[in-house]
Amino acid sequence: MTARLIDGAAVAARIRAEVAAQVEQMAAGHNVRPGLATVLVGDDTASHAYVRMKHKACQELGIASFQHDLPADATQEQVEDLVAELNADPRVHGILVQLPLPKHLDEEAILNKVSIEKDVDGFGPVNIGRLAMKGRDPLFIPCTPHGVMVLLEEAGVTFEGANAVVLGRSNIVGMPAALLLVERNATVTICHSRTKDLAAVCRQADILVAAVGRAEMVRADWVKPGAVVIDVGTNRVDDPSAKRGYRLVGDVAFDEVKEVAGAITPVPGGVGPMTIAMLMKNTLRGAELTLPALHEA
Ligand code: GUN
């Protein structure tokens, strides 16, 4: 059996086109242009690349963007003051503090400072708290897990009563993904480094979400025939034959798992492009929240 490919790049492109059209409608109808501010502390190469991609997407979709890069030795006060300034700036509808922050900074205290109405990452305590509680809606859902859910819907998954296994319990992906799956009435198991017989647990999954950051960890014999497999991992592995000397692989051994799964996301071109598409959608929503008529509709 060969799995159906879930084309994240195509779904993301469709969402981006929808957001771009709505941005222009808002600009024309309300004279409001959605704006995203990023806060990046330090020199982490991957973080700089991610933030660049976010600004490029803003530019392509007609969203205003404001880039704030602070040195690696920025103080807690400097970062918190910047967040306070962005909270008060009416041109800014979304604030994204790129993670991870340098070790000397208190991430929780900084994320707590982001206004709930501008928390487009959904990492603030109010948004995450609402996500975790029955019958409460967060203003923003974290971008990558939200993208995972959209791709599962795209694959035609039945969530109700399905066994879902999430590999990884990070604040950014694993934990919020598990909460979103519970909300859809899946039976969810969260696996982590202390889980016993990981392969056996994964084999129970109708829906398998891999978000551990370990190259090609999920093998074919971990996957139930016909399962839907979402690969959130982006790992560099050395490859002298590649132009850059490395290639990107997911947390799933794609070539062998695609022979067992019912549907699967590729890396690259699966979950990756969805993260930015959902961030753009959340920024548009942040701007909508400032328009009372639309908000109440
Ligand atoms: N670092 C890795 N993923 C993310 C993300 O989705 N948002 C932020 N702010 N930082 C990240």
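Whatever order the structure lists them in is the order used to number ligands and atoms, beginning at 1.
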Residues with a heavy atom under 4.0 Å from ligand 1, by chain and number, are Leu96, Val97, Gln98, Leu99, Asp121, Phe123, Ile172

List, one per line, each side-chain donor-acceptor pair under 3.5 Å for residues 270-283, sequence neighbours excluded.
unit_1	atom_1	unit_2	atom_2	d
Thr275	OG1	Thr144	OG1	2.9
Asn282	ND2	Val120	O	2.9
Asn282	ND2	Ile141	O	3.1
Thr283	OG1	Leu279	O	2.8

Residue set satisfying salt bridge (charged side-chain N to carboxylate O under 4.0 Å, His left out) with Arg16, at least two apart, ordered chain then number -> Glu60

Nearest heavy-atom contact between Val126 and Ile116 is CG1-CD1, 3.2 Å

Q. Should we count OH of Tyr50 as having more than 12 external heavy atoms under 6.0 Å?
A. no

Hits for salt bridge (charged side-chain N to carboxylate O under 4.0 Å, His left out) against Glu153, two or more places apart or cross-chain, chain-then-number order -> Arg184

ask   = Are a donor atom and an acceptor atom from the side chains of Gln76 and Glu80 found within less than 3.5 Å of each other?
value = yes

